[in-house]
Amino acid sequence: MAASNSSDAFVEFERVQKSYDGETLVVKDLNLNIPKGEFLTMLGPSGSGKTTCLMMLAGFETATHGDIRLDGKSINNIPPHKRGIGMVFQNYALFPHMTIAENLAFPLEVRKIDKSDREAKVKRALEMVEMGDFGGRRPSQLSGGQQQRVALARALVFEPELVLMDEPLGALDKQLREKMQFEITDLAHNLGITTVYVTHDQTEALTMSDRVAVFDDGRIQQIAPPDQLYEEPENSFVAQFIGENNTMMGTIKEIKSGVALVELDGGEMIDAKPVNVSEVGARTRVSIRPERVEVDKSRLKPGAHTLKAEVLEFIYMGDIFRTRLRVAGNDEFIVKTRNAPDQRRMQPGEQIEIGWLPEDCRALEA
Amino acid sequence: MSDTASKAPVLAADGTPLKRSLNRALRVQKMRALALIAPLLLFVMLSFIMPIGDMLFRSVENQIVENTLPNATQELAKWDGSSEDLPPEPVFRALYHDMFLAAELKRHTRLGSRLNYESTGMSSLFRQSGRKLDDAGKDYRKLFLVVDEAWGDGATWQSVMGGAEGATPDAALVKAQKSQIYRLDGEAPRGQLDFAPSQDVSALLPLTAREYTAFAIVTSLIKKDDLAATKPFESLFVALADDLSTADLSGYDGPGADNLRALQASGLPTPNYTEIFGEMDKDWVNIETWRTIQIHAEPYTSGYFLNAVDMQKTPTGVEMQPEDRQVLITLFVRTMIMSLTIMFSCILLGYPIAWLLANLPMRQANVLMILVLLPFWTSLLVRTSAWKVMLQQQGVINDVLVWIGLVADDNRLILINNETGTIIAMTHILLPFMILPMYSVMQTINPTYLRAAKSLGATNWTAFWRVYFPQSIPGIGAGSILVFILSIGYYITPEIVGGTKGVFISNRIAYHISSSLNWGLAAALGTILLVAVLILYWAYDKIVGIDNVKLG
Ligand SMILES: Nc1ncnc2c1ncn2[C@@H]1O[C@H](COP(=O)(O)OP(=O)(O)OP(=O)(O)O)[C@@H](O)[C@H]1O
Ligand SMILES: [Mg+2]
């Protein structure tokens with residue numbers, strides 16, 4: 001499952017389990033290797049155990065079972081303050097009674113770095129996040145985005161090799177978020193630090209990360225680079241969780257040279273790429289991205305299966321058109337088409353025929 | 001917008017300046033808000049501001065001397081207190097008649113008590129003299145009756161003093177005497193006085209007219225007796241003898257003119273008031289007595305405040321009280337030091353509890369909270385008395401210490417009826433007032449701050465000391481102010497467990513209010529306490545900043 005082998009792993013989770021109450025496992029058998037310099041994102045719905053994993057890594061929670069290694073050394077028994085891991089919290093956790101400069105100097109002070117050195121480092125870190133003029137202010141005198149940057153600078157000022165961020169952009173508006181996403185990745189890559197980033201915003205995960213680990217129910221469902229995750233989801237959870245997806249239930253009729261023939265519950269036949277189904281006769285959930293649906297029959301391969309559809313709704317969204325169709329009894333089938341000069345705008349009530357390339361349609365376990 | 005336009009006042013849609021229409025709009029809101037808090041405002045006024053105002057007033061108010069002895073104080077003002085001579089005769093003369101009236105209304109003892117605060121012995125001097133005042137009058141009465149039996153009769157006096165039929169009544173004198181009696185008695189004499197001295201008589205016999213008018217007011221308006229049927233005051237005989245010694249009766253033809261002439265001719269001795277007082281009590285011819293009265297005769301005095309800081313007024317200026325009467329400054333200092341001690345022990349004990357409250361899981365925190373609040377459910381008196389049981393030499397704590405072997409049986413600790421007792425009991429009683437504000441502040445401190453500090457490399461202690469503690473200071477501040485202010489004015493607990501060495505200034509105030517009845521001194525002590533608290537509050541605001549105080 002993991003993309004890299006354990007020899008060059010900087011952070012390793014080996015068979016880690018965690019339970020808070022002794023009854024339920026919040027993290028179930030986690031295996032994860034993160035090579036040096038990687039930007040890894042943990043993505044998943046609320047309560048899936050992302051923060052718990054991060055806290056175990058930071059040392060604020062102990063693993064119930066298993067081993068966590070940092071740079072080859074087990075850190076299970078090292079207290080948090082000796083782990084040297086930088087951390088950015090969701091609410092920033094800037095100390096309200098200290099100025100920005102004092103906040104930044106704090107990790108250096110506790111490391112007994114002398115004053116002139118400290119000041120130079122604080123200055124450099126503040127300039128790195130373009131907050132050079134704000135050293136004398138209190139956190140409450142800064143905007144959300146500025147506080148965010150300071151929190152980042154504080155996590156980086158003592159030059160940790162690993163930085164953990166737990167939904168650091170959660171409180172920011174969309175525009176600022178996008179700006180900060182870019183700045184964070186940029187910084188992380190320039191400084192060559194390993195980053196573990198937690199979010200439940202999939203766009204954020206996809207745009208920022210080298211690899212994304214999708215969490216659900218205490219397990220990693222899939223860990224892969226963003227493009228692979230989006231285009232080749234390995235199970236129906238990932239397919240549904242990442243991006244928008246049209247799904248239909250059906251039964252495998254035959255599998256031949258990497259293409260499965262699926263009979264939908266309404267009786268229609270379609271082609272799909274089998275992912276984690278192999279038996280003929282098994283129930284399957286086929287999934288197709290709205291932007292991969294073809295409404296223009298001429299662009300389909302000859303012999304491809306098509307479905308009849310009725311247009312229910314047409315939404316103009318600027319760069320794209322979003323059309324809601326009724327396909328094989330499913331009223332929520334979405335098609336996205338590019339707003340191009342030659343693109344047709346479909347009218348509600350119109351009867352059309354749709355199809356797709358078999359490799360874009362994935363047959364997953366039900 | 002151009003520069004000139006931006007400087008002109010902004011106008012609202014109807015052309016009025018925006019500021020004014022905004023004010024108008026806000027006024028209605030303000031009035032409504034004011035109406036809403038009006039009951040509270042009224043309550044605060046009545047229950048807080050007015051009593052404090054009254055206390056401030058009482059601490060300087062000293063009209064009792066002037067009200068009780070109006071004429072004597074006036075005369076006494078002319079006397080040079082630093083001289084070695086007794087006050088002149090007119091002072092004694094005025095004193096005699098003032099005292100007599102005061103004694104009739106039983107007001108002279110109050111003045112005696114008041115002056116007793118300044119110089120012991122005054123109280124008994126006034127009380128005893130009040131009784132003996134009659135003696136001189138009785139002597140004169142005998143002489144009068146020898147001349148004419150009719151002088152023993154109230155009706156004779158009334159007709160003599162009222163003057164001839166149709167004589168002009170001396171309304172001004174009646175008014176003046178009424179107001180004097182009002183000030184003396186504290187209550188205005190009510191009702192219609194069916195007597196007025198005639199102007200002729202009051203010109204001829206001024207002292208008698210004055211005193212008789214007072215007698216008439218007291219008899220018919222206060223005691224509600226029949227003027228003609230009541231025996232006149234003994235002092236009236238003295239007054240008349242006094243007046244007759246100088247009066248020229250030759251032109252007088254009013255009622256009883258012959259009788260008066262007969263009296264004058266009978267060779268009555270002119271009253272010597274100095275002698276009269278000298279015979280009553282030799283303290284009256286002691287110059288110190290008069291100095292005391294003169295110094296404390298002003299209607300507003302700084303005397304109470306001086307007394308409150310162990311000083312006193314003397315003819316030569318302000319001086320320290322004699323050593324054996326200096327207790328109050330020591331008591332103030334002790335109150336401060338003990339309040340500070342109690343405050344610090346509350347901080348030391350309360351901080352960990354508040355921390356636990358704020359950081360324990362809900363269930364345990366609730367149980368602990370109940371334990372913290374439990375003391376509030378028992379009466380303060382019961383809790384304090386319980387400490388008495390605990391702290392006695394044969395009490396639980398000593399027993400345990402002896403049993404463990406920390407203390408020898410014949411050397412048990414004295415934990416009660418001294419400072420230790422007060423500090424222990426009051427720390428216990430005021431602890432919740434420290435814990436609650438601390439807790440409510442600590443509750444708002446997000447635990448991620450501690451995690452953040454640790455992730456930045458701080459040890460547990462550094463994280464606590466550099467990050468958690470500074471954020472909890474507002475709670476400590478609030479709790480400290482609360483505990484300090486409460487303890488500085490605490491009364492019941494020191495009274496019960498403090499013995500003599502562990503009492504506070506408030507116990508002294510209570511003593512002056514309920515036992516020695518020196519309300520002026522009590523008010524001055526209270527005012528000093530109030531000012532001390534305000535100064536401390538101000539200093540706290542300067543040093544820590546009052547916005548740093550959070551109760552939640
Ligand atoms: N201190 C705790 N005590 C008990 N249970 C906890 C504790 N912290 C988290 N949990 C439980 O563990 C599970 C995982 O929580 P976690 O905080 O790791 O989720 P998450 O993936 O970070 O979710 P989110 O996206 O909402 O932050 C949840 O079911 C949560 O209720
Ligand atoms: Mg979380």
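All chains are named by letter (A, B, ...) in the order of the sequence lines, taking the proteins before the strands, and each is independently numbered beginning at 1.
- Residue contact with chain B, scored on non-hydrogen atoms closer than 4.5 Å, is absent for Gln90(A).
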**Request:** Would you check, one step at a time, whether the test salt bridge (charged side-chain N to carboxylate O under 4.0 Å, His left out) holds for Arg451(B) with Glu61(A)?
**Result:** CA-CA 11 Å; Arg451(B) 292 191 159 183; Glu61(A) 299 290 353; 3.6 Å; yes

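- For the set Ala155(A), Gly86(A), Ala58(A), Pro96(A), the entry with the most heavy-atom pairs within less than 4.5 Å of chain B is Pro96(A).
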**Prompt:** What do the steps show when you test Glu119(A) against Lys123(A) for salt bridge (charged side-chain N to carboxylate O under 4.0 Å, His left out), and what is the final call?
**Reply:** CA-CA 6 Å; Glu119(A) 276 166 7; Lys123(A) 193 159 173 281; over 6 Å; no

**Message:** Before you tell me yes or no, could you show the steps for Tyr197(A) and Phe39(A) under ring pair (Phe, Tyr, Trp, His ring centres under 6.0 Å), namely the whole-Å CA-CA distance, both residues' side-chain angles and the distance that decides it to 0.1 Å?
**Reply:** CA-CA 7 Å; Tyr197(A) 189 98; Phe39(A) 196 115; 5.6 Å; yes

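- The number of heavy atoms from other shown groups lying within 6.0 Å of CZ (Arg111(A)) is above 12.
- Ranking Met87(A), Met55(A), Arg154(A) against chain B, the residue ahead of the rest is Arg154(A), based on heavy-atom pairs under 4.5 Å.
- Among Leu108(A), Leu94(A), Val88(A), the residue with the largest count of heavy-atom pairs under 4.5 Å with chain B is Leu94(A).
- In summary, of the residues considered (Thr195(A), Val163(A), Val129(A), Ile193(A)), a side chain to side chain contact (heavy atoms under 4.5 Å, CB included) with Leu187(A) occurs for Val129(A) alone.
- When the candidates Phe158(A), Phe89(A), Phe60(A) are compared by the number of heavy-atom contacts under 4.5 Å with chain B, Phe60(A) comes out ahead.
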